[in-house]
Amino acid sequence: MTTKTLLILAGDGIGPEVMTQVKRVIEWFGAKRGLDFAVEEGLVGGCSYDAHGTPLTDATMARAMEVDAVLLGAVGGPKWDSLPFAVKPERGLLRLRKDMQLFANLRPAFVFDALAEASSLKTELVRGLDIMILRELTGGVDFGEPRGIETLANGERRGVNTQVYTTHEIIRIAEVAFELAQKRGSHVHSVEKANVMESGVLWREEVQKLRDARYTDVTLEHMYADNCAMQLVRNPKQFDVIVTDNLFGDILSDCAAMLTGSLGMLPSASLGASDSSGRRKALYEPVHGSAPDIAGRDIANPLACLLSFAMMLRYSFDLGEDADLLESAIKAVLDDGKRTADIMQPGLTAVSTTGMGSEVIAALDRQTRA
Ligand code: IPM
Ligand code: MG
């Protein structure tokens, strides 16, 4: 098996401690499954600012472009909140997304049976839930020009951001949505605000045209973003794949994540276009943030980061069997009643971040011995 190169950017807050558990699991896959990863590490976010005065150095950016996959923990924290906009920790993450052209952000929201009761919604609404939010990640208001804050002649200040999408940006993300749906429940909801935004009108037209031309086997429905937010908490199981823009995707994916019981459970993959050899640039990260309030206490949930590594095995390396193995080990640990604080329930066994890592490794051992 050829060596796979992997850049780990653990980042800030709970990033490093959850990543420590992933590194243990990577070692396990090396020792027990013969997966050959050359792992290198770098800085992103506030820790990079502290060391280098920038949230991402050019050298780290260059490595991210070269490796087979990047695994990121989390960025940001109150320590850096008052920094100028251009060097805020989040700019490091946004530069990675933009320069690697990771336009397709896959955010699956699925409920492990053992956690259905941890959801803030009624158990029957979420049991068996399995939806995929596909967020456009390199366009829209996050990157649109003009942008900025200016002072007007009358002394008032004016803040500007621009929501902008071109046809090719819409078509390439919609293609990913239809292709994902074909492997799942063959149902896509395309979400925008065509009732108030021209970019939403264009989005709706282009997605429909693409469906009619090339994906007639997939059912397509259009939905306004505000309605989608409501439907996600009213009847989430009506959804299979939701495709939406950068800003709505940011918001709706947090909402969908919480349906599953904890933000601490959900992974994500950000993918670019395939090159001529079929390889695509990719960054994997948990959906949760840096959670500075609990950082450094060994109580954070490492499962979202571990599940992000499982997504990497599946999407970057076509190692579906190994991804299944890791996911089913995590399921076994949850079925066995082991819980970090964020998903703890009465009568179950509390474990630390490190403890959860050990449980997952023990479950991997059991599964491969059996
Ligand atoms: C996310 C986060 C980021 C975003 C922040 C940290 C820049 O909220 O990945 O959802 O807004 O995209
Ligand atoms: Mg977000």
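As the structure lists them, so they are numbered: ligands from 1, and atoms in each ligand from 1. Note that the structure is predicted; figures quoted are calculated from it, not measured.
Between Y165 and W203, the ring center distance clears the sub-6.0 Å criterion. F37 has its ring centre less than 6.0 Å from the ring centre of F317.
Atom numbering of ligand 1 starts at 1 in the shown order; those under 4.0 Å from a heavy atom of R107 are 1 (C), 9 (O), 10 (O).
The protein heavy atom nearest to atom 5 (C) of ligand 1 is E90 CG, 4.3 Å. Looking at atom 11 (O) of ligand 1, its nearest protein heavy atom turns out to be D250 OD2, 3.4 Å.
For a distance bound of 2.8 Å, the N, O or S atoms of D250 include one lying that close to the Mg ion (ligand 2).
Defined by atom type and a distance below 3.5 Å, a donor-acceptor pair is present between the side-chain atoms of T60 and T57. Side chains of D12 and W80: a donor-acceptor N/O pair is absent below 3.5 angstrom, by distance only.
A parallel orientation is assigned to the rings of H187 and H189, their planes being inclined by less than 30° (bins at 30° and 60°).
Looking only at side-chain heavy atoms (C-beta outward), K281 and D275 stay at 4.5 Å or farther from each other.
Counting heavy atoms closer than 4.0 Å to ligand 1, residue H288 contributes nothing at all. No part of K88 comes within 4.0 Å of ligand 1, judged by heavy-atom distances.
Heavy-atom separations between E285 and ligand 1 are all 4.0 Å or longer.
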